[in-house]
Amino acid sequence: MAIDCEDQELLDGFLAETTELLEKLDDDLITLEKSPEDADLMNRIFRSIHTVKGASSFLGFDMLVKVTHKTEDVLNRLRKVELRLNPEIMDVILEAVDLVKTLVADIKAGEIVERDLEGTINKLIPYLSENAVEATVLAPVFAPKQESAPAAPSSAAEPEPVIEPAAAEPQQAAAPQQAAPPPQPKPQPVKETPKPAPPKGGEDLADNSTVRVDVKRLDDLMNQVGELVLERNRMIQLHSDFQTGLDPTGFGDDFGKLSKRLNFVTSELQMQVLKMRMLPVEKVFKKFPRIVRNLARDLGKEVDLIIYGEETELDRSVVDEIGDPLIHLIRNALDHGLETPDERLAAGKGRTGTVVLSAAHEGNQIVISIKDDGRGINPDRIARKAIDKGLVSEEQVAAMGTREILDLIFLPGFSTKEQTTDLSGRGVGMDVVRTNIRKLNGIIEIKNELGHGSEFILKLPLTLAIIQSLLVEVEGEVYSIPLASVIETMRVSKKEFHMIGGQEVLKLRDSVLPLLRLQQAFGVSEVYSERDTCYVVIVGVAEKRIGLIVTRLLGQQEVAIKSLGKFLANLPGIGGSTIMGDGRVALIVDPIGLVGGGAA
Amino acid sequence: METALTKVKSEEYGGELIQLVSFNLEKEEYGINVLMVREIIRMLNITRVPNTPHYVEGVINLRGKVIPIINLRKKFDLMENDYDKRTRIMVMEVVGELMGFIVDEVSEVIRISEKEIQPPPPVVSSGIEQECMAGVINQANRLLVLLDLEKMFTADERRLFTNVG
């Protein structure tokens with residue numbers, strides 16, 4: 001059945017708002033389970049579901065109305081303390097919320113699929129009948145100021161018939177409810193729906209296709225753009241003055257001042273736009289309480305998830321990418337890291353394990369850490385497994401330090417689990433995690449204390465759009481090397497190069513550094529043949545070091561990364577391009593590609 | 001806007017008129033559907049990109065967007081020549097991506113009726129790969145080769161493009 005909705009804007013608004021509400025709902029519900037007496041929270045949850053119900057009934061999404069209606073009824077009883085929250089009720093509510101999400105996703109996809117609602121609804125119904133009332137009645141925690149509160153709980157009036165009579169019938173059939181929810185003042189949700197800014201396109205409503213920006217930030221931006229326009233006018237004026245020869249002497253001075261101001265304005269502008277692209281990491285983190293709850297129950301473990309720094313902001317491109325690796329790491333922490341309550345007691349720890357998820361800014365990076373107080377990683381076991389699986393040889397392991405052994409878990413195909421479960425043990429996990437983090441130019445570190453837990457630390461750049469880079473010249477061509485991977489640069493005479501086994505190397509202090517001539521790697525024709533000194537840029541990726549031979553260093557610059565388009569996407573050693581001050585394009589060197597596929 | 005224009009014209013002439021941009025390469029005239037062409041610009045500084053097929057001249061900065069540039073002379077195995085003041089880059093949208101093509105000279109926009117397009121002759125002397133020729137237009141005093149650039153990048157070649165090296 002296709003969606004028949006005349007007003008696309010209204011539908012878009014509904015989807016945007018509903019998605020947002022549902023996202024928040026998960027988090028709130030988990031929090032509610034921990035503090036069931038929180039009346040404000042309870043009311044907020046109730047209002048969210050209520051808004052979704054109102055809006056969907058207005059738009060005529062019958063199935064959605066049915067489910068939200070029943071959920072709302074149960075929540076209403078909880079709210080009025082006729083029912084007491086326990087994990088079973090919470091499970092059913094969460095299941096209902098999941099069903100609502102599925103239905104909303106169907107609407108978003110543009111096609112309403114007939115789904116089995118009865119299963120979930122039937123689970124909700126027992127909590128609506130009188131005999132489900134728990135004996136315990138807590139002190140009334142009812143806040144009467146809520147919009148829906150004044151309505152009498154006794155009325156069985158259906159709110160739907162006013163607008164959507166069709167919706168009412170299946171609902172009555174579904175459950176004869178004595179304590180139906182208060183009839184809603186209908187116009188209210190109606191007014192609410194069109195409010196959220198309708199996304200411009202309207203076709204693609206993927207979660208990240210629209211941005212909500214603080215009006216103040218937008219005003220600041222406008223302000224900066226105004227400044228920029230002024231400076232442009234000034235520049236045009238300056239140029240015409242210069243051409244008419246009115247003030248040729250002062251031109252240099254004026255132009256200098258102008259470029260300084262322009263520099264200032266554009267840096268400000270850049271900061272503003274960057275800030276707009278920033279999202280709090282909360283967007284990812286708020287999924288986790290729910291995941292942890294489910295996992296803990298499945299695994300029979302008791303877990304406290306503590307989250308710090310969810311307000312830390314980072315670029316949306318990064319936010320979109322870190323979700324999966326983090327889920328992997330959290331699963332690992334629960335499955336491999338934490339012990340069962342009995343094991344914990346035997347080890348002299350508290351029954352409940354703790355997983356700490358934290359995010360913080362550190363210089364130009366964001367640091368996300370996942371720390372558990374479980375059994376920690378046993379290096380001996382890792383080494384044995386790796387040998388068993390034929391990933392490394394005994395001799396190799398013998399030569400490794402503890403840190404290198406821990407790094408073995410990142411090898412493809414590694415797994416310590418004897419049996420594959422749906423959670424872990426397939427041996428793909430950590431390998432994928434590291435690949436994803438590397439794709440973001442990030443690094444991953446492990447801190448481990450046997451018997452006391454382990455910590456995985458991710459260090460990620462704040463943004464992927466603008467990087468600091470070192471500009472170098474290779475026989476007349478300009479290339480840009482990401483500064484994050486540059487370790488040091490040095491000027492050397494060509495006489496210091498040695499050949500070992502067909503590989504040019506440089507003796508650097510105590511070590512021998514393999515060299516790569518960018519001129520050869522990139523096929524640049526030689527123009528300065530008689531020079532006998534050149535520069536070596538030492539780049540490092542993970543533990544690997546390589547020296548890139550370049551003709552000259554041009555300096556350090558902040559560059560905006562531009563894609564080369566899909567035709568030139570996979571060039572070895574080239575990670576992208578950027579536009580220089582003079583409007584020319586400079587290519588960005590991809591050190592990972594060079595180190596991996598090159599001489600090392 | 002272009003679409004609207006073409007439509008009006010085609011109605012006028014009975015629904016079969018198409019507009020072509022004509023350009024020269026090694027003294028031969030070629031035509032390409034006007035709807036494919038985004039803009040025509042003069043030569044700019046081209047940044048060479050290493051490890052690409054020989055006919056990829058490099059990339060340029062087109063008002064903040066980096067687009068690849070292909071030398072049609074090299075692509076068609078014609079003799080290379082120096083750029084002069086008539087050399088142009090035709091920016092076109094090929095399979096969803098903007099690309100620039102270097103040609104000797106862009107001459108005009110011509111209207112022809114679809115009936116005038118003849119299938120390409122079986123043997124092509126100039127070395128142009130057969131598959132990207134959509135047809136030949138034979139008018140009183142000119143011969144025009146109609147190109148289909150989408151076909152220029154066959155599946156094989158597109159793979160080559162991305163996996164070179």
Side-chain angles (χ1 to χ4, degrees), chain A residues 266 269-270 273 465-466 471-481 516-527 548 550 554 559-590 593-594 596-599, chain B residues 36 38 41-72 74-75 80 83 89-102 132 149-165:
Chain A
T266 39
L269 206 58
Q270 185 187 327
V273 176
I466 294 177
L471 295 181
V472 297
E473 184 193 322
V474 180
E475 308 287 337
E477 293 185 2
V478 178
Y479 289 90
S480 148
I481 304 174
L516 181 70
R517 286 181 183 271
L518 276 191
Q519 176 241 329
Q520 277 167 10
F522 291 160
V524 189
S525 46
E526 214 167 319
V527 283
L548 304 177
V550 301
L554 297 175
V559 299
I561 300 179
K562 305 264 176 182
S563 141
L564 281 172
K566 67 172 180 225
F567 282 113
L568 300 175
N570 298 328
L571 294 175
I574 300 292
S577 64
T578 185
I579 294 168
M580 313 279 300
D582 59 2
R584 298 179 60 150
V585 180
L587 298 174
I588 298 173
V589 176
D590 166 29
L594 282 181
Chain B
M36 298 272 299
R38 274 292 186 86
I41 52 176
R42 286 166 198 278
M43 284 302 291
L44 298 170
N45 268 319
I46 297 180
T47 303
R48 202 185 60 88
V49 180
N51 305 324
T52 46
H54 72 286
Y55 52 83
V56 177
E57 203 73 5
V59 288
I60 59 160
N61 163 20
L62 183 73
R63 294 183 302 273
K65 207 169 164 12
V66 176
I67 64 169
I69 299 296
I70 283 164
N71 191 332
L72 270 190
K74 288 187 187 169
K75 173 71 190 162
E80 286 174 46
Y83 307 137
I89 298 174
M90 297 175 75
V91 180
M92 300 192 234
E93 205 175 311
V94 184
V95 280
E97 292 270 299
L98 279 187
M99 283 182 128
F101 295 85
I102 301 176
C132 61
L149 290 176
E150 304 252 335
K151 284 204 192 120
M152 179 187 291
F153 302 103
T154 55
D156 262 7
E157 206 153 15
R158 250 175 250 151
R159 208 179 51 228
L160 183 85
F161 230 134
T162 48
N163 287 333
V164 154

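Here the structure is a predicted model, which is why all the values come from computation and not from measurement. Proteins come first, then strands; the chains are lettered A, B, ... in the order of their sequence lines, and each starts at number 1.
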Would you tabulate the side-chain donor-acceptor contacts of residues 575-588 of chain A under 3.5 Å, counting partners in other chains and residues two or more places apart, or write 'none'?
from, atom 1, to, atom 2, distance (Å)
A/S577, OG, A/K562, O, 3.2
A/T578, OG1, A/A560, O, 2.8
A/D582, OD1, A/R584, N, 3.0

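Each of B/V66, B/I60, B/L98, B/I67 has some count of heavy-atom pairs under 4.5 Å with chain A, and the biggest count is that of B/V66.
Within the 4.5 angstrom heavy-atom criterion, atoms from both the backbone and the side chain of B/N61 approach chain A. Neither the backbone nor the side chain of A/V478 comes within less than 4.5 Å of any heavy atom of chain B.
Pairing each heavy atom of A/F522 with each of B/P50, the nearest pair is O-CB, 3.2 Å.
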